[in-house]
Structures are given as structure tokens and as C-alpha cells.
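This chain uses plain numbering: 1 for the first residue, then up along the sequence. Atoms within each ligand, like the ligands themselves, are counted from 1 in listed order.
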Amino acid sequence: MPPHSAALTRLREHPTTALANLPTPLIQLSRLGETLGTNRLWAKMDAETGFALGGNKVRKLEFVLAPSMLEGVTCLITAGGPQSNHCRVTAAFAARQGIRCVLVTNQGPEGDPTGNALLHRLFGAEIVLAGDRSERAILMDSVADELRAQGEIPLVVPIGASTPLGSLGYARAAIELCEQLDALDDGCSETLVFSASSSGGTLAGLIAGLALLGRSDVHLRGVSADAPATELDDVCRSLAGEATELLGAKIDPGTIPFASIDDQVGDGYGLPTPASREATELFGRHAGVVLDPTYTSKAAAALIAHMRSHGVRDHQRIVFLHTGGAPGLLA
Ligand SMILES: *Cc1c(COP(=O)(O)O)cnc(C)c1O
């Protein structure tokens with residue numbers, strides 16, 4: 001019996017709006033593994049959650065946009081960068097529901113919108129421009145006030161859906177991943193997972209799920225897209241604790257081997273580095289897998305750097321959690 005079976009039952013039965021195609025595949029990247037010196041490299045393909053081109057935001061929004069949250073709601077408001085994957089999925093959901101969507105984003109480059117910026121508009125979202133990233137949260141609240149004055153009932157979806165509730169999407173994903181790992185029957189006793197990390201909900205959910213399962217054999221590396229590692233560590237651990245409290249459980253996030261890595265950020269958020277470009281080429285050429293410039297290419301660069309400097313230990317597998325983002329490559 002796992003240590004927190006009542007909380008796990010609550011997690012499995014928690015009401016959601018079903019959006020994702022689950023389980024996402026766990027695939028072996030044999031050729032890419034060969035070029036990196038291992039036959040134990042895998043990818044958990046959350047790029048293929050499906051809804052509105054997929055990615056990790058779909059799992060989080062299944063909880064944040066659960067039916068009880070949407071009662072009476074006539075408009076969704078959220079925020080992100082001009083190439084935000086989170087804004088894309090939120091806008092597509094509003095389109096499918098037939099409700100308004102207002103996106104608070106920063107100004108993108110001049111010219112016709114491309115990639116996610118194009119999709120935000122295709123899904124019919126209204127765009128409100130924010131001067132800089134720090135302005136976005138305040139602007140969402142003032143947009144909400146304006147809409148209320150117009151008689152709308154807005155729901156503000158926090159950036160990245162990285163709330164304790166949204167993180168539960170990745171706690172559930174941890175259960176799904178563990179079931180797939182256990183079915184491999186390959187004699188490995190330890191798994192090292194690399195994932196991109198920014199607002200922290202993805203890693204927080206994984207920490208929470210693994211702690212509820214009591215799985216200290218799965219080690220997590222959250223590869224930062226922007227923030228310093230110490231800051232991101234704190235965000236992830238506290239979100240993980242709050243997420244499990246929603247399920248009536250108290251975990252010690254310290255029991256799960258987890259660390260944030262910030263040595264792939266380079267010149268900053270969304271800016272490619274030589275290593276992220278190389279990762280994009282290797283994953284494309286040797287695996288047919290599309291990485292994005294902001295998140296997954298940097299997470300993959302961290303995985304490659306780890307394998308080159310440490311190799312793969314006996315009885316260890318490496319898993320790349322592919323969190324999506326392909327529209328960003330085409331922007
Ligand atoms: C948002 C996003 C992330 C970061 O996930 P968080 O839960 O915000 O840490 C990683 N990869 C992609 C493709 C994303 O869109």
C-alpha cells in the first residue's frame with residue numbers, strides 16, 4: 001500500500017474537465033540514446049496531450065477549468081508572453097465553450113503574428129497588451145473589474161495555471177508515468193526525469209504525486225526557463241505541499257529527490273543558446289521529435305549535458321518529459 005492511499009483515491013476521483021488524450025505515450029528514443037551512449041533513454045510525450053496542439057498546460061487546465069469552477073462564467077482572462085502555450089490552450093477552451101477570452105500579453109515582434117500569437121487570434125481571444133511581465137497580474141485584475149462592470153462573470157486563470165489545484169494535473173501524471181515505468185520490466189531500479197520548468201506547477205505536481213506514491217526511486221530535474229534555481233526550488237516545494245493539502249494529505253517534499261537546474265537559461269527567457277540549438281537538432285534528426293526554443297530545448301540541453309558528463313548509471317533510465325511548445329519553433 002502506498003503511504004497516502006486515501007489522498008491518491010481523492011486525486012484519481014477529483015472532478016475535472018476531460019481535455020487530454022491520456023495516457024500520453026512513453027516512447028523509447030533508441031537512435032538518440034545511441035548517439036548519447038545509452039539504450040535507456042525514454043520520452044514521456046506530453047507534447048501529445050492533444051487538445052489545441054497539446055502540451056503540459058492541458059493537464060493543469062483540466063483541474064483549473066473543472067465544471068464547478070465554470071458555473072456561470074462568461075469570460076476567461078489569463079496572461080502570458082506573446083508566444084504563450086498556456087494562453088493558446090485557454091483561448092481554445094473558451095472557443096469550444098462559446099465564452100469570451102481576454103489574454104493579457106506583452107507586445108510581440110513587429111509584423112503579422114506567427115506561432116502561438118497567431119493561434120491566440122485564430123481562437124478568437126481579445127488581446128490586451130501589457131507593458132512588461134510584472135504588469136500582467138495587475139492588468140488581469142483590472143480587466144476583470146471592467147468586465148464585471150459590463151455584466152460579465154469573469155474567471156481569472158493564473159499564469160501557467162500553476163496553482164495548487166492546477167498542479168494536481170501533474171500529480172495525476174506522476175501516477176500515470178509510474179504505471180508506465182513499472183510495466184517496462186527492464187531491470188532498472190532508478191529513473192531520472194528531466195523536464196522544463198517555469199511557473200513550477202508541472203514539477204510541483206510531479207513532486208506531490210511521487211510523494212503520495214512513496215516513490216523515491218524517481219528523481220526529478222526541473223530545468224529553469226528563466227528563474228534562479230533556488231527560487232524555483234522554493235516555488236515548486238511549496239506548491240507541492242499546498243497541492244497535497246487539497247487532498248487532505250501532508251507530505252514532506254524533501255523525501256522526493258528533486259532539484260532545479262538554471263545553467264541552461266543563457267541570455268534569458270525564450271532566447272536560444274548554442275546548447276539549446278544543438279538539442280533541437282539532435283532530437284529532430286535522431287528522434288523525429290520537435291522541441292521549442294523557450295522550454296523543451298533547454299530541458300533537453302540539460303539532459304544532454306548530464307549524459308555527457310555523468311553517463312547513465314547501471315539500472316538507471318533517463319526520461320525526458322516533453323512538455324510541448326512546438327508552435328513556438330514555427331514562430
Ligand atoms: C509552460 C511550459 C513549461 C513550464 O511548465 P510550468 O508548469 O510552468 O513550470 C514547460 N514547457 C512548455 C512547453 C510550457 O509551455
Side-chain angles (χ1 to χ4, degrees), residues 20 24 43-49 51-64 78-92 105 115-117 119-120 133 136 157-174 193-209 220-227 229 231-240 243 258 260-262 264-265 269-270 276 279-280 283 289-303 320-331:
T24 58
K44 172 69 170 160
M45 293 299 288
D46 273 15
E48 298 175 13
T49 51
F51 182 80
L53 303 182
N56 64 341
K57 302 310 181 300
V58 179
R59 288 189 194 264
K60 297 193 278 182
L61 288 170
E62 286 195 331
F63 283 78
V64 170
T78 198
Q83 284 298 327
S84 167
N85 298 302
H86 166 70
C87 287
R88 177 190 76 245
V89 179
T90 305
T105 73
N116 282 311
L119 295 168
H120 299 160
R133 291 179 75 183
R136 295 187 305 214
V157 182
I159 292 177
S162 283
T163 57
L165 182 62
S167 303
L168 293 182
Y170 269 88
R172 247 191 210 169
V193 180
F194 285 83
S195 170
S197 184
S198 175
S199 58
T202 300
L203 268 293
L206 293 173
I207 294 168
L220 300 171
R221 295 290 176 273
V223 184
S224 177
D226 40 15
E231 211 174 280
L232 202 49
D233 271 348
D234 290 346
V235 169
C236 293
R237 284 187 209 284
S238 59
L239 258 181
F258 154 72
S260 299
I261 299 175
D262 61 7
Q264 300 294 333
V265 175
Y269 181 82
S276 76
T280 303
F283 272 66
V289 167
V290 180
L291 303 181
D292 81 293
T294 305
Y295 301 104
T296 54
S297 61
K298 291 182 175 175
L303 177 153
F320 180 66
L321 173 59
H322 194 321
T323 48
L329 183 71
L330 307 175

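At a heavy-atom cutoff of 4.0 Å, ligand 1 is contacted by no atom of T294, backbone or side chain. With a heavy-atom cut-off of 4.0 Å, A225 does not touch ligand 1 at all.
Within the listing of ligand 1, atoms 5 (O), 6 (P), 7 (O) sit less than 4.0 angstrom from a heavy atom of T202. For ligand 1, the atoms sitting less than 4.0 Å from at least one non-hydrogen atom of G325 are 13 (C), numbered in the order shown with element in parentheses. Remark: ligand 1 atoms within the under-4.0 Å shell around heavy atoms of S197 are 9 (O). Against a heavy-atom cut-off of under 4.0 Å, S162 is close to the following atoms of ligand 1: 7 (O), 8 (O).
To the nearest 0.5 Å, the span separating CG on D262 from CG on L232 amounts to 8.5 Å. Atom CZ of residue F258 and atom CD1 of residue I207 lie 4.0 Å apart, to the nearest 0.5 angstrom.
K57 NZ, 2.4 Å is the protein heavy atom nearest to atom 2 (C) of ligand 1. Annotation: atom 11 (N) of ligand 1 to nearest protein heavy atom, T323 OG1, 2.6 Å. Of the protein's non-hydrogen atoms, the one nearest atom 8 (O) of ligand 1 is S199 OG, 2.5 Å. In this structure, the protein non-hydrogen atom closest to atom 9 (O) of ligand 1 is S198 N, 2.7 Å.
Closest heavy-atom approach to atom 7 (O) of ligand 1 within the set Q83, K60, H86, H322: this belongs to K60.
At least one N/O-N/O distance between N85 and ligand 1 falls below 3.5 Å. Polar contact check, A196 against ligand 1: no nitrogen or oxygen pair lies under 3.5 Å apart. Between N56 and ligand 1, a contact under 3.5 Å exists for at least one N or O pair.
Just one residue in the list L61, N116, T78, T49 forms a side chain to side chain contact (heavy atoms under 4.5 Å, CB included) with V89, and that residue is L61. Applying the side chain to side chain donor-acceptor pair (under 3.5 Å) test between T202 and each of T323, N56, D46 identifies N56 as the sole match.
Residue-ligand proximity: G160 is placed with every non-hydrogen atom at 4.0 Å or more from ligand 1. In this structure, G55 does not count as a contact residue of ligand 1, since none of its heavy atoms falls inside 4.0 Å of the ligand.
A donor-acceptor contact shorter than 3.5 Å links the side chain of T163 to the backbone of G166. In terms of modelled atom types and a separation under 3.5 Å, the side chain of Q83 and the main chain of A331 share no donor-acceptor contact. Using a distance-only test at 3.5 Å, with no hydrogens or angles considered, no donor-acceptor pair links the side chain of K298 to the main chain of V223.
For R172 and F63, the positive end is not near the middle of the six-membered ring at less than 6.0 Å and at most 45° from its axis.
Side-chain contact between I261 and F194 is present, with heavy atoms from C-beta onward closer than 4.5 Å.
With hydrogens and angles left out, the side-chain atoms of T105 and H120 include no donor and acceptor closer than 3.5 Å.
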